[in-house]
Every structure is written in structure tokens, then in C-alpha cells.
Student: 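Let me begin by handing over the structure; questions about it come next.
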Amino acid sequence: MGRYNPKEAEPHWRERWAAEDSFRTLSANEAGARPKYYVLEMFPYPSGRIHMGHVRNYTMGDVVARFKRAQGFNVLHPMGWDAFGMPAENAAMERGVHPKGWTYDNIAAMREPLKTLGLSIDWSREFATCDPEYYGQEQKLFLELYRRGLAYRREGVVNWDPVDMTVLANEQVIDGRGWRSGAVVEKRKLTQWFLRITHYADDLIEGLKTLDRWPDKVRLMQENWIGRSQGLRLSFKVTGGAPAEFEAIDVYTTRPDTLYGASFIGVAPDHPLAQTLAADRPELAEFIVKCRQGGASEADIEAGEKLGFDTGVTVAHPFDPSWRLPVYVANFILMDYGTGAIFGCPAHDQRDLDFARKYGLKVMPVVLPSGADPVSFSVGDEAYTGPGRLFNSQFLDGLTVEEGKRAAIAKVEAAGQGQGATVYRLRDWGVSRQRYWGCPIPIIHCTACGPTPVPEKDLPVLLPDDVAFDKPGNPLLRHPTWRFTTCPTCAGPAERETDTFDTFVDSSWYFARFANPRAEQPVDRTAADYWLPVDQYIGGVEHAVLHLLYARFLTRALADDGLLDVKEPFAGLFTQGMVTHETYRATCDGRWVAPDEIEQKDGTTVLIETGEAVEVCGVEKMSKSKKNVVAPEDIFDQYGVDAARLFVLSDSPPERDVQWSASGVEGAWRLIQRIWAEFDAQPVEPPATVEMSEDCVALRRASHRLAQQVTDGLDNFRFNLAVARMHEMMSVLRAHPATGASPGQLAARHEALSILARVISPFMPHLAESCWERLGCEGLVVDAPWPKPDPALLTQDVAVLAVQINGKRRAEIRAPNEADDAAIEAIALGDDDVQRHLQGLTVRKVIVVKGRIVNIVAG
RNA sequence: GCCGCCUUAGCUCAGUGGUAGAGCGCAUCCUUGGUAAGGCUGAGGUCGACAGUUCAAUCCUGUCAGGCGGCACCA
């Protein structure tokens with residue numbers, strides 16, 4: 001008799017698993033008839049320490065991996081490192097350490113606690129994206145895309161941080177300033193490398209329909225991000241005021257039905273017409289500059305004031321050559337969407353209406369809501385965007401909005417003035433970063449030959465180690481020898497591309513590399529065909545769009561190259577919630593206080609050291625700035641890793657946030673001790689008989705039901721429900737104690753415990769091994785097959801039914817399972833309580849729901 | 001502004017078209033040779049508001065309120 005001591009047991013079992021090589025992935029040949037199962041968690045950035053979010057993420061993946069393994073699958077469950085990126089360079093600038101050393105040290109520091117967590121990972125497949133073996137293969141992939149025209153170079157507008165001298169991603173610009181330097185970010189035109197993701201825009205939307213094991217929310221976010229819209233591209237002929245080269249202005253619209261309500265044409269400040277006119281009209285040039293400044297700042301977007309400049313140019317209406325429309329340059333029109341020009345229909349578009357009111361343009365309604373009077377209907381300050389019938393619209397009169405769209409498109413197409421078109425919000429993916437710590441783009445720039453791919457024999461293009469971070473900017477630009485080279489084509493003097501890839505490129509194909517991480521080619525086609533797609537991918541919802549969209553795109557690109565056989569990399573996706581914690585701040589000076597600095601005393605919260613009062617603030621994501629962080633290592637140390645694993649799985653459903661608390665982890669600890677106590681109470685020698693006594697049928701039903709319920713919970717990602725069922729099982733076991741039990745009863749307990757040990761093993765793998773061993777079972781529980789419940793024990797012979805009278809519960813009856821509706825009705829109507837409640841009433845109807853309830857309608 | 005999610009016990013949250021649940025907290029009691037304790041019992045809920053569908057709604061539908069997230073001048 002003794003308490004379970006995780007400090008001794010946990011390291012012991014990890015050593016056993018390592019010694020037995022329990023988690024080695026089998027090759028396709030070795031696996032034989034076992035089906036494959038690929039479970040992957042989004043790989044971590046090696047910041048140097050693990051946090052509770054990691055614990056939750058990797059525990060969930062581990063639960064799935066262990067469960068599938070027990071069910072007889074050949075499981076691939078690998079781990080790697082998303083190791084390129086800015087923090088390494090920041091560390092280099094702030095502390096003078098080399099990004100490479102810093103990164104590999106961090107990886108080493110994080111690998112240990114992850115191993116401590118007892119994850120069933122095949123560590124032989126580990127790699128980091130900053131390994132030359134990995135990024136060299138990435139360079140090969142890029143050159144393949146380049147050859148196929150899926151990678152190209154063009155000028156693009158970027159966020160430029162003038163202090164750090166680098167491009168920033170949109171999410172690194174906060175209120176128009178660089179997140180690190182605080183400098184006002186400039187819009188700069190820079191020649192950049194792009195990947196042609198827009199080539200797959202349609203297929204990326206269509207593919208979402210096949211992803212039935214993805215959260216609807218994520219599919220919706222991707223669909224919105226790609227932003228497909230159907231409409232019409234059409235020309236307005238210029239009738240005066242523009243230079244000769246502008247014969248017509250092309251606009252894009254999703255509302256061709258409202259063409260008769262047009263009252264102006266608007267073009268973006270960056271539109272070629274605006275730019276050309278501005279060359280000899282200073283007032284227009286000034287206006288354009290003003291528009292650009294407004295671009296980034298949130299105040300302007302908030303205000304949303306519509307500004308325009310009348311160019312004096314006029315165009316003809318496509319349906320009526322004598323109808324003239326003025327052309328404005330307007331601040332709310334975007335150059336990189338559609339054609340950068342619109343026709344304004346103020347009555348049926350709010351932005352156009354705001355604009356028209358400001359500049360005194362005509363507002364002519366052409367869609368009449370049903371029931372409105374065509375003579376008096378007018379639009380005030382709110383545009384009408386709903387359904388209705390067209391009017392004031394010549395040949396379109398009387399049509400619905402949808403019919404009108406089709407008719408207008410047909411007419412425009414017949415007249416050769418335009419064409420129906422599909423337009424996307426998605427833009428090509430700019431992958432150039434002016435940084436050192438990333439995968440070098442394998443291109444050599446030659447003044448004679450232009451951009452030239454580095455020949456395959458010269459790959460990988462290695463990052464030079466001898467770089468200095470004493471000055472801002474990209475050290476590759478200042479490197480004396482690395483940058484300058486000779487052209488592979490003409491052997492003349494040439495320069496290397498000094499930009500490196502966006503780190504999202506690294507993470508867009510790593511899942512395919514895991515199939516065979518040491519392959520000579522980027523992807524081992526045979527291994528990838530066996531393992532892909534990933535059956536279950538698990539990660540944070542913050543990657544719902546970018547990472548997951550990029551990976552889907554690159555998978556398609558590689559499939560078109562013949563490097564992969566799947567279009568969708570992740571058949572199942574699960575997005576887990578965050579780990580949160582209460583926050584605390586000292587009442588006197590408002591500074592944030594860590595959870596281990598406080599204690600609860602007599603209903604108040606105080607600082608342990610000084611006793612001063614502490615205010616308990618909101619529950620928020622664990623973060624250093626709020627100091628509401630609990631270090632996983634401290635929990636491992638105090639309660640063991642199984643308690644930490646159990647807690648992050650128990651309280652909330654996995655997709656929701658879970659609130660970490662000291663009392664919660666105490667609860668997890670107690671469950672572990674309770675489970676152990678039941679095993680510990682069982683006699684050491686196996687039961688003398690295999691005949692289980694009849695009076696144990698309740699226990700047997702409970703344990704078989706437990707197997708069924710935990711299986712269901714795991715199949716549906718309801719880990720918290722599975723844990724709740726384990727709690728319930730403990731009450732049942734307590735009602736059937738080992739003390740004083742007959743041999744038959746002990747046999748039933750033995751069966752229950754053997755099921756329990758196996759179903760807890762994905763959640764608390766170390767405890768499960770100790771329990772399995774204590775029970776005297778053969779081998780390791782990780783190698784034991786998943787329990788299969790006996791269907792006969794999952795049903796009840798007698799059902800307990802509630803009886804409702806007029807919707808209110810009035811009685812409870814027992815009926816044999818095989819009783820038919822009439823028999824149940826008779827039992828219900830014969831019940832004393834029911835009779836009492838029916839006094840003075842006439843029974844009008846009786847509804848019998850088998851196994852559930854009887855409802856009597858009476859009046 | 002558009003889209004989505006959430007609102008159930010003091011707290012954190014499960015759950016179901018048909019008898020309202022868990023953990024923590026609280027109260028009472030037992031145990032103090034399972035002791036960095038363990039256990040019994042119990043109190044506590046108009047399931048956000050209103051309307052509709054239904055024999056029956058916490059659950060389905062609609063409207064509203066409050067909270068959270070994503071996108072945002074995308075024509």
C-alpha cells in the first residue's frame with residue numbers, strides 16, 4: 001500500500017519505452033496489413049522554452065497517436081523545428097550571439113522537456129528547417145517552381161521599416177509603425193519574389209468542400225480570404241479630357257444590373273490614368289500624395305471619409321452613347337483589386353452614396369424593393385442593397401436583381417464591350433525577406449543574363465557563418481565575398497540574391513519531408529505516397545489562413561510537378577484553444593504579479609512576501625507581459641507530467657480555451673491518486689477464478705461502457721468527456737471495493753481495472769504502465785490492444801422511463817427493454833403517481849419514446 | 001460595417017428535442033496507520049431575454065441584449 005509517486009515511475013517508463021524503441025515508425029513493408037495513420041502537431045518555433053500551449057498541443061497529438069497505435073495502426077508521429085526567423089536575428093543584435101548557435105541551443109533546451117512529456121514521437125525523424133539538408137531541398141523546390149513559372153519577380157509595394165532597414169509583414173506593422181523599431185513604416189516599391197498562389201485560387205476554394213474533417217470556421221475564413229466574386233469587366237469609352245492613349249476605362253463590377261443607376265466613374269490614385277494626368281497637374285499630384293498618406297493609419301480608415309478629385313475626363317455609358325459620366329480619382333478605390341476602377345451607383349452602394357452626396361452627384365434608384373412605390377421611392381443616406389425588381393432601367397425593367405445581372409452581362413458581351421469575370425481578393429504571395437536568418441533564394445543576378453538559377457550541383461546555397469549584426473539591415477548585403485560571384489551561364493561577374501524566404505515557405509512542405517527526412521530529393525515519392533495526407537493535423541487557430549493556405553497551395557504545386565500524389569495535405573484538422581490563467585496586479589502600484597507570488601487567505605488575495613492586497617483581474621492567455629504564466633517544468637516537478645497532461649485535457653473541450661488553475665491541477669493529481677489506489681487495493685496475485693459473479697453485472701456494465709465512451713470521446717476529439725467518464729468510473733469502482741470481495745467479484749474488478757489501465761493510457765501513459773504492471777498483465781500497456789466492449793453488456797434489460805403529464809415530469813416507471821409501446825403505456829397509466837396526477841382529467845394522447853420517456857397529454 | 005462563435009450551479013465549464021451534470025469552491029460529518037491526506041452526505045440552477053415550431057424546447061427557428069474572434073473602403 002502506497003501512494004503513486006510520479007517522480008520515480010515516470011522516468012522509469014520513459015526509459016523502458018526508449019529501451020524497447022516503442023515509438024519507432026514501421027516502414028510500409030514492416031507494417032503489413034496495419035493501416036497507416038499520420039498524426040502531426042504544428043511544429044514549434046524554438047524560442048528556447050516550452051509553455052503550457054505546447055503542452056496542450058502536443059499532448060492532444062500524443063493522445064491521438066497512442067490511441068491509433070493501440071487500435072493497430074502504423075502511426076507516424078514526428079517532431080521538428082520551425083527554426084528560421086527574426087527572433088534569432090534580434091537576439092544577435094541585442095546580445096551578440098550568433099543566430100545559428102542561439103537557435104540550436106534553444107532546440108536542445110526545448111527537446112528535453114518535450115521528451116519529459118512522454119510523447120510517443122519517433123525522434124529519429126527530427127529535423128530543423130535551418131538544417132542545410134532541409135533548406136537545400138527547399139531551394140530545389142523553389143527552382144522547380146521557377147522553371148514552371150509559379151515563381152516570378154516583380155515590383156511590389158511593401159512595408160519598409162527605415163530604421164531596421166527591412167521589409168515587414170503586414171502583421172508586424174502596428175498602427176503604422178514597425179513593431180520593433182517604432183519607426184513610421186513607409187510604403188516602398190521593391191522588386192520581390194512572388195509565388196503564384198492565385199493560379200490555384202479557384203481550386204483552393206473548391207478543395208475546401210472536400211475537407212469534411214476541417215472546422216467549418218477555418219474553411220469559412222479561407223473562403224473569405226480568397227474572396228471569389230462573380231461580376232462583369234467592361235469598358236467605358238473616353239469621350240474627352242484624357243490623353244490619346246486612354247481610349248477607354250475598364251471597370252469591374254459585381255452589380256451590372258445597376259448600370260442604369262451609374263452616375264460617375266472612379267479610379268484609384270495609383271491608376272495609370274491618374275498617374276499620367278498628375279504629371280502635368282500639380283493639384284492632382286498633391287491629391288494623390290494625400291491619399292497615400294491616409295492609407296495605413298487607422299484613424300483614416302475609421303473615419304472613412306470619401307475624397308475625390310474631378311479629372312474633367314468624361315466617358316460614355318455603354319448602353320447609351322450620348323450619356324456622359326464624369327471621371328473622378330477617389331481615395332477609396334484600390335488599385336490591386338479588380339481593374340482599379342469602378343462605376344459608381346450611389347443608390348445601391350453605400351460608399352458610392354457617401355461620395356455622391358459629398359460631390360453633388362445624381363442618385364438614381366434602379367432597384368425597387370417589393371411593395372415600394374416606384375414613383376415615390378427614393379434613397380436618403382442609406383443605400384438600398386437588398387433584393388427587388390429593376391426599374392428606371394430600360395430593357396432590364398421588371399427583372400429581379402439576379403436576372404438583371406445575367407441580362408446586363410449578356411448584352412455587354414454581345415456588344416463586345418466587356419465580359420463576365422471572376423475576381424479574387426487573394427494576391428500572389430510575396431516571399432522575399434531582407435534578412436539573414438532564412439533560406440537563401442538560389443538565384444544569381446547577372447547584368448548580362450538576368451536572374452539565373454543556381455545550378456543543382458552548386459546547391460545548397462549555404463548561409464555564410466561569418467556575419468556581423470552591429471549595423472541594422474541585412475548582413476548578406478554587406479558580406480564581402482558571399483554576395484559576389486560569377487554567372488553560371490556566362491561566367492561574367494554576378495551577384496547572389498541576398499533576400500531569403502519568408503519562413504512560411506519552410507512550413508509549407510515540412511509535413512511531406514517527414515515521410516523520409518533524409519531523402520536525397522525534397523520529397524521521397526514512395527514514402528510520401530504511403531504517408532500523405534496527414535490524417536490528423538493539430539494546431540492553433542491563428543494559422544487558420546496563412547500557414548494552412550500556403551501549405552495547401554504548395555501541395556498543389558508539388559502535385560502538378562509530379563512530386564506528390566495528393567492535393568490536400570491535411571485530411572483532418574483540429575484547432576485547439578489556448579491555455580489561460582487569471583491575472584493579478586498589486587493594488588498599491590498596479591504592477592502585474594505572478595501566480596506563485598500570491599496566496600488566497602480568508603477570502604482575500606495577498607502577496608505572500610508582504611501581505612499587501614492583490615486585485616484578481618481577468619482571465620487571459622498566458623503571457624510574459626501579464627506575468628500569468630505557469631512554467632510546465634514546475635508542474636512536472638511538483639505533480640508529474642501525467643497530471644499536467646490530464647489537466648490540459650480535462651476541463652474544457654479541446655477547441656476551447658482552458659483555464660489553468662492551482663486547484664484544477666490539484667484535482668488532476670487527486671484523480672491520478674484515486675486511480676492508483678484502486679489498482680493498489682487489488683490483491684497482487686491474479687484472481688483465483690475467471691468466473692465473474694452475477695452481482696457484479698453493474699461493475700461489468702460500467703467498465704464496458706467506459707471503454708465504449710472513451711473510444712467515442714477519442715474518435716470525436718472530446719477528450720474532456722472521456723476524462724469525465726473516468727471520474728464516473730471511479731465512483732463505480734468505489735462501490736465495488738476489493739476489501740471483502742469474493743473471488744468472482746475480484747475477477748470482475750480485475751477485468752474493470754484492465755480496461756481502465758488501457759483507456760487511460762493515451763492520457764496518462766506513465767500511470768497506465770504502473771497500473772498495468774501492478775495488475776500483473778503481460779508486457780507494456782503501450783503494446784496492449786485497445787479494449788473492445790462486449791455489446792451485450794452495453795444494453796440494459798430494464799429501462800427507467802420518466803413519465804410526463806402535459807410536459808411536466810410526474811413519475812418514474814420501470815419497463816422491460818423488450819416491452820412494446822402498448823405495454824409501456826399500460827405500465828405508465830397504471831402507476832400510482834400517474835393516476836393521482838390524472839384525477840379529473842381525460843387522457844387525450846400518450847406518446848411513448850422507447851428507452852426515454854412517456855408523455856401523457858390530458859385535459 | 002460584414003461573417004462566425006459564445007451566454008447552463010459561487011467559479012471554470014460539460015451535456016441533451018424527453019429525469020439538468022462534472023471539477024473546483026462551500027457546508028455537515030467520518031477517518032487521522034492511504035497523511036505534500038482520504039472519504040460520506042448535502043445545499044446551490046426561471047439553462048442570457050422575448051417570440052415561434054412541437055405532445056414536449058436549455059437544445060430547433062427568428063428577433064434582441066451582452067461577451068469573444070476573423071475580415072474590413074474588395075466595387
Side-chain angles (χ1 to χ4, degrees), chain A residues 1-4 215-218 220-225 227-229 231-232 251-255 258 266 268 294-295 300-306 330-334 336-345 348-352 354-355 423-427 541-542 544-545 580 582 600 603 616 619 638-639 647 650-653 655-671 673-674 676-677 680-681 718 720-721 723-725 727-728 734 800-812 844-849 851-859:
Chain A
M1 216 179 246
R3 293 174 64 74
Y4 175 67
D216 292 342
K217 177 184 168 167
V218 174
L220 197 65
M221 282 167 75
Q222 292 216 350
E223 202 177 324
N224 291 341
W225 185 268
R228 179 164 63 184
S229 80
L232 172 68
V251 308
Y252 173 73
T253 179
T254 56
R255 293 298 302 273
T258 64
D300 287 290
I301 293 174
E302 208 59 41
E305 197 190 354
K306 306 284 179 287
N331 67 338
F332 64 96
I333 299 165
L334 306 173
D336 47 8
Y337 184 79
T339 60
I342 60 148
F343 81 79
C345 176
H348 304 293
D349 183 289
Q350 191 60 45
R351 295 156 302 178
D352 297 347
D354 295 345
F355 191 81
V423 163
Y424 302 89
R425 200 188 78 104
L426 181 72
R427 290 163 214 166
V541 73
E542 65 272 20
V545 177
T580 61
E582 280 182 332
Q600 314 265 343
V616 178
V619 173
Q638 209 177 340
Y639 298 98
F647 182 57
S650 21
D651 265 20
S652 298
E655 70 276 14
R656 301 270 291 266
D657 293 351
V658 64
Q659 187 184 336
W660 187 273
S661 66
S663 59
V665 72
E666 291 279 352
W669 166 259
R670 273 198 282 272
L671 176 60
Q673 291 301 342
R674 258 176 230 172
W676 174 251
D680 200 40
R718 311 311 299 267
N720 59 318
L721 290 191
V723 173
R725 300 289 95 83
H727 276 284
E728 287 171 14
R734 231 174 275 139
V800 178
L801 304 176
V803 181
Q804 289 183 339
I805 295 168
N806 292 334
K808 291 219 157 94
R809 179 178 174 267
R810 296 299 188 196
E812 204 173 87
R844 296 181 193 275
K845 195 172 176 188
V846 179
I847 299 121
V848 176
V849 184
R852 301 203 156 191
I853 206 158
V854 180
N855 193 15
I856 299 167
V857 186

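Keep in mind that what you see is a predicted model, and the values were worked out from it rather than measured. Sequence lines set the chain letters: A, B, ... in the order given, protein chains first and strands last, and positions in each chain run from 1.
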Student: Taking O4'-C1'-N9-C4 for purines and O4'-C1'-N1-C2 for pyrimidines, is B/G34 syn (within 90° of 0) or anti?
Tutor: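 This nucleotide is in syn.
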Student: List the protein contact pattern of nucleotides 13-26 of chain B with one symbol per nucleotide (5' to 3'): B for base contact, S for sugar-phosphate-only contact, - for none; contact means a heavy-atom distance under 4.0 Å.
Tutor: SSS--BB----S--
Student: According to side-chain contact (heavy atoms from CB on, under 4.5 Å), who are the partners of A/I853, at least two apart in sequence or on a separate chain?
Tutor: A/A802, A/Q804, A/V849
Student: Rounded to the nearest Å, what distance is computed from the CD atom of residue A/E542 to the P atom of nucleotide B/G69?
Tutor: 13 Å
Student: If you write RNA chain B from 5' to 3' in dot-bracket form, with Watson-Crick or G-U pairs under 3.5 Å, [ ] for crossing pairs and | for pairs with another strand, what do you get?
Tutor: (((((((..((((....[..)))).((.((.......)).)).....(((((..]....))))))))))))....
Student: Under the side-chain contact (heavy atoms from CB on, under 4.5 Å) rule, collect the residues that match up with A/N224, sequence neighbours excluded.
Tutor: A/L220
Student: Taking atom C1' in both B/A14 and B/G1, what distance in whole Å separates the two?
Tutor: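 These two C1' atoms come out 35 Å apart once rounded.
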Student: Please confirm whether A/K306 makes a cation-pi placement over A/F355, using NZ or CZ under 6.0 Å from the six-membered ring centre and within 45° of the ring normal.
Tutor: no
Student: Rounding to a whole Å, what distance do you find between A/R425:CZ and B/A72:C1'?
Tutor: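 It is 8 Å, rounded to the nearest whole Å.
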Student: List for me each residue that meets side-chain contact (heavy atoms from CB on, under 4.5 Å) alongside A/S663, sequence neighbours excluded, and say none if there are none.
Tutor: A/S661
Student: I'd like to check the side chain to side chain donor-acceptor pair (under 3.5 Å) partners of A/R228; sequence neighbours left out, ordered by chain and number.
Tutor: A/D202, A/E206
Student: May I have the distance from A/Y4 (atom OH) to B/A37 (atom P), rounded to whole angstrom?
Tutor: 19 Å
